[in-house]
2 protein chains.
Amino acid sequence: MTAVPPPPGSTGWRREVGAERGNDSVTRIDDVARLAGVSTATVSRALRGLPTVSAATRRRVLAAAEQLQYAVSPSASRLAGGRTGTVAVVVPRITRWFFGTVVEAVEEFLHQAGYDLLLYNLGGREQVRQRVLRTANLHKRVDAIMLVATPLRPADLTALAELDLPGITISSGSTVPGWPCVRIDDVAAARTATRHLLDLGHRRIAHISGDPTDELAFTTHTDRRRGYQEALRHAGLRPDPSLDMESQFTIAGGNQATTELLARGEPPTAIFAACDEIAMGALTALRDAGLRVPQDVSVIGVDDHDLSGVLGLSTIAQPAAEQGRLAARLLLDPLVAGTVEPYAGRVPTPRGAGADDATTSPPVILPTRLVVRESTAPPRAH
Amino acid sequence: MTAVPPPPGSTGWRREVGAERGNDSVTRIDDVARLAGVSTATVSRALRGLPTVSAATRRRVLAAAEQLQYAVSPSASRLAGGRTGTVAVVVPRITRWFFGTVVEAVEEFLHQAGYDLLLYNLGGREQVRQRVLRTANLHKRVDAIMLVATPLRPADLTALAELDLPGITISSGSTVPGWPCVRIDDVAAARTATRHLLDLGHRRIAHISGDPTDELAFTTHTDRRRGYQEALRHAGLRPDPSLDMESQFTIAGGNQATTELLARGEPPTAIFAACDEIAMGALTALRDAGLRVPQDVSVIGVDDHDLSGVLGLSTIAQPAAEQGRLAARLLLDPLVAGTVEPYAGRVPTPRGAGADDATTSPPVILPTRLVVRESTAPPRAH
DNA sequence: CTGAAAGCGCTTACAG
DNA sequence: CTGAAAGCGCTTACAG
């Protein structure tokens, strides 16, 4: 699908040309201009705070706009100015703690800066991802893009490059040429969690992470699994594939994986869950199996989900809101400063995946923190 | 603030008039028209699926659009057509389970219908609410508004009436004249929860709900408190003010209120929390106080939060996603059917709060369901 | 510092 | 069923 037709509409209604303009019509820029005794160009400049307007004129324009309850028409402004004042924010699932928290922080920042937030929730639907990333859907619709934990294939990267919009990624493995990235060090976080269990004396440590074929958080899965394995190896242990479960980043996924794990025979003495939601699912499954936490099995996750404190879940805390705020700032700063040209109908030479990496700065890594609660303790045998 | 200036921008860049138009410029409607050998009017009609285009012409236009990778410019289309293809969705806090779940369902429905979703997260900031509701901010920016659990004061209602946009509310107490409302019966839900505790034999039943002065979910608080009191009275009990706590609809709020409740002396044998998040906070506080659930204190909430199963929390389940989907459908149906005229610059006679109630249909009430888990049991004395 | 005028890229009566 | 032309309401070189 190339052309994106607007929603089928009615036959339409439009103010008749030359019709009376009493208080039956909404204020337009020329109404303000007339009242202020200036041209529309001056109104436009004054309202946007451009420096090339005298103080006295600006005052008159603002007063007139106030009096007439004038608000600029976004459509007209966008068409004429080439800027949309809108940012697309793409998340895998807004209902997951991390993404909801990020979006909340981003929303506040964007709206304070006067930008609108267009929300795209992939919801696990691959077709949505394709529509968002690969078609001209975002074209002319937003000034910038924020991708949160969105895995990108080569074809996606090409599509993004063709879009030629500024953007930023959060918690992303795939680097988009020219886009900054804000994230935590997933490998280190996993290492810390696993080491915490090792330090307590655990040796049979299971891992539950995402399905590697699941596109939703590909690199997060991989990185956290790697940290787990590195910590084990560093302790002289060989990762046991039968203790390494692939699942979903959800409570249900954690529950199911843990149940399956327990069915395999001798249970582990500890579980490192790749996120707190998985850990919560593990907690249920363990309880249902009659195993106590932490006496029989220790559990640790990653995130510091709002509920982790309630559950007494040990975890690796990551600053979700801060990642969102920082990313929003890094994204908007160049736009506001005017260092980025507004979209103007050019089609650039596609840069392609990794073609232009030289201009891409290294990811901004935010710190994580081990939070020890009641779900981790030394194994019983000790 | 009346005029909403766009974000300060750069000096601008624009394609030079008469400049070469090789593959250096993005496809416009006249490129498609030329390739298809028709006028731009016909391209516009064909792409939007209007019936007044012959099959053969439509085919040629679609092929040309496909070949040129044409995508309509939203700004131009909106300015010319008077429709934005965008819906504003206002929620108190996207991070809370109910709102995240609603937004996820709404997002899917809107995007499938070809609409964009502009997200407004109030985040407890009153100034944001005012900016969203009372200024011309939404004016000309969206085709419709969805307010989720947004309390409305008379001034807000006046502002919404002046906006003259179609809208819908979810879980709202304030009725907006002319707008449908989708919700559950909060009074009945609270009654059922309380009756469940009464049926188990409880008599000292505490309630933790929202702060009545908190604007964020005003009627939800009130309704659930009313259901609680009604159930008590129906059982011949007089509501005890010392067992009725005012708090926030959050885990922290529930925690704090419960702690305070326990400090007052003899603890209740059961707690009805106005939402699951409050209930989760209560769970922690009880545990910290050395009280067991349900042996010492029973706890029930409202929502059926994703984690309630994990925690074994009894609750009144409400269909959050379904409320979102249904509301989105009710909102879009008239727009898509064309029964609603596109925005066209008229300023209607403000209808004011409750002025036009006759045209407002009664709320659509979705059913709730008592889910008994492990957090409720008969009191020990029994 | 300000204004006249062109232009942004579409959609819509209107006429055929 | 289709096209020519006006118009949507702004912003921006350009000229002063």
Side-chain angles (χ1 to χ4, degrees), chain A residues 3-6 9-19 25-33 36-48 50-58 60-61 70-85 139-140 342-345, chain B residues 3-6 9-19 25-33 36-48 50-58 60-61 70-85 139-140 342-345:
Chain A
V4 181
S10 68
T11 47
W13 187 105
R14 116 177 350 224
R15 179 170 48 200
E16 279 146 55
V17 183
S25 88
V26 122
T27 310
R28 292 177 333 226
I29 196 170
D30 41 300
D31 299 319
V32 179
V38 296
S39 70
T40 60
T42 298
V43 173
S44 175
R45 293 183 191 113
L47 258 26
R48 279 177 300 147
L50 298 191
T52 62
V53 180
S54 76
T57 303
R58 186 187 310 280
R60 258 185 306 142
V61 170
Y70 174 71
V72 71
S73 157
S75 310
S77 173
R78 289 165 190 190
L79 180 57
R83 266 174 259 104
T84 66
H139 228 356
K140 319 169 190 172
Y343 171 79
Chain B
V4 181
S10 69
T11 47
W13 188 104
R14 109 171 5 215
R15 179 172 48 201
E16 280 146 57
V17 182
S25 86
V26 122
T27 310
R28 291 177 334 226
I29 196 170
D30 41 298
D31 298 319
V32 178
V38 296
S39 70
T40 59
T42 297
V43 172
S44 175
R45 294 181 190 115
L47 257 26
R48 279 177 300 146
L50 297 191
T52 62
V53 179
S54 76
T57 303
R58 186 187 310 280
R60 258 185 306 144
V61 170
Y70 173 70
V72 71
S73 156
S75 310
S77 172
R78 289 167 189 189
L79 179 59
R83 266 174 259 104
T84 66
H139 228 358
K140 317 170 192 171
Y343 172 79

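Chain naming here is simple, since letters A, B, ... match the order of the sequence lines and numbering starts at 1 in each.
Rounded to whole angstrom, the span from the CD1 atom of A:Ile29 across to the C1' atom of D:dT11 amounts to 8 Å. Separating the CG atom of B:Leu79 from the P atom of C:dT11 is a distance of 11 Å, rounded to the nearest angstrom. Rounded to whole Å, atom P of D:dT11 lies 12 Å from atom CG of A:Asp30. We find that CG of A:Leu50 is positioned 10 Å from C1' of D:dT11, with the value rounded to whole Å. B:Arg48 has its CZ atom 18 Å from the P atom of C:dG9, to the nearest Å. Spacing between atom CG of A:Asp31 and atom P of D:dG9 amounts to 10 Å, rounded to whole angstrom units.
B:Lys140 places a side-chain N or O within 3.5 Å of a backbone atom of A:Ala71 that can act as its donor or acceptor partner. Panel note: side chain B:Arg58, backbone B:Leu50; a donor-acceptor pair is recorded below 3.5 Å.
The CZ atom of B:Arg83 lies 11.5 Å from the OG atom of A:Ser75; values are rounded to the nearest 0.5 Å. To the nearest 0.5 Å, atoms OG (B:Ser73) and CG (A:Leu79) are separated by 6.0 Å.
Among the nucleotides C:dT11, D:dC10, C:dG9, the one closest to the side chain of B:Ser77 is C:dT11. Relative to the side chain of A:Arg83, the nucleotides D:dT12, C:dC10, D:dT11 differ in distance, and D:dT12 lies closest.
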Check: protein-nucleotides 1-3 of chain D nitrogen or oxygen pairs below 3.5 Å:
residue, atom, partner, partner atom, Å
D:dT2, OP1, B:Ser54, OG, 3.1
D:dT2, OP1, B:Thr57, OG1, 2.2
D:dT2, OP2, B:Ser54, N, 2.9
D:dT2, OP2, B:Thr57, OG1, 3.4
D:dG3, OP2, B:Ser39, N, 3.0
D:dG3, OP2, B:Ser39, OG, 3.1
D:dG3, OP2, B:Thr42, OG1, 2.6
D:dG3, N7, B:Arg45, NH1, 3.3
D:dG3, O6, B:Arg45, NH2, 2.5

Could you provide the dot-bracket string of DNA chain C, using ( ) for intrastrand pairs, [ ] for crossing pairs and | for bases paired to another strand, with Watson-Crick or G-U pairs below 3.5 Å?
|||.||||||||.|||

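Not counting sequence neighbours, the partners of B:Thr57 by the side chain to side chain contact (heavy atoms under 4.5 Å, CB included) test are B:Val38, B:Thr42, B:Val53, B:Ser54, B:Arg60, B:Val61.
The two atoms that bring A:Ser39 and A:Ala33 nearest to each other are C-CB, 3.8 Å, heavy atoms only. Of all heavy-atom pairs between B:Tyr70 and B:Leu47, the closest is CE2-CD2, 3.5 Å. Closest approach of A:Thr84 and A:Arg78 over heavy atoms only: O-NE, 3.0 Å.
Neither OP1 nor OP2 of C:dG9 sits under 4.0 Å from any side-chain N or O of B:Tyr70. Contact annotation: A:Ser44 does not reach the phosphate of D:dC10 (side-chain N/O to OP1 or OP2, under 4.0 Å).
Taking atom C1' in both C:dG16 and C:dT12, the straight-line distance is 16 Å, to the nearest Å.
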Take B:Arg48 and B:Val72 through the side-chain contact (heavy atoms from CB on, under 4.5 Å) test and state the conclusion after the steps.
CA-CA 10 Å; B:Arg48 279 177 300 146; B:Val72 71; over 6 Å; no

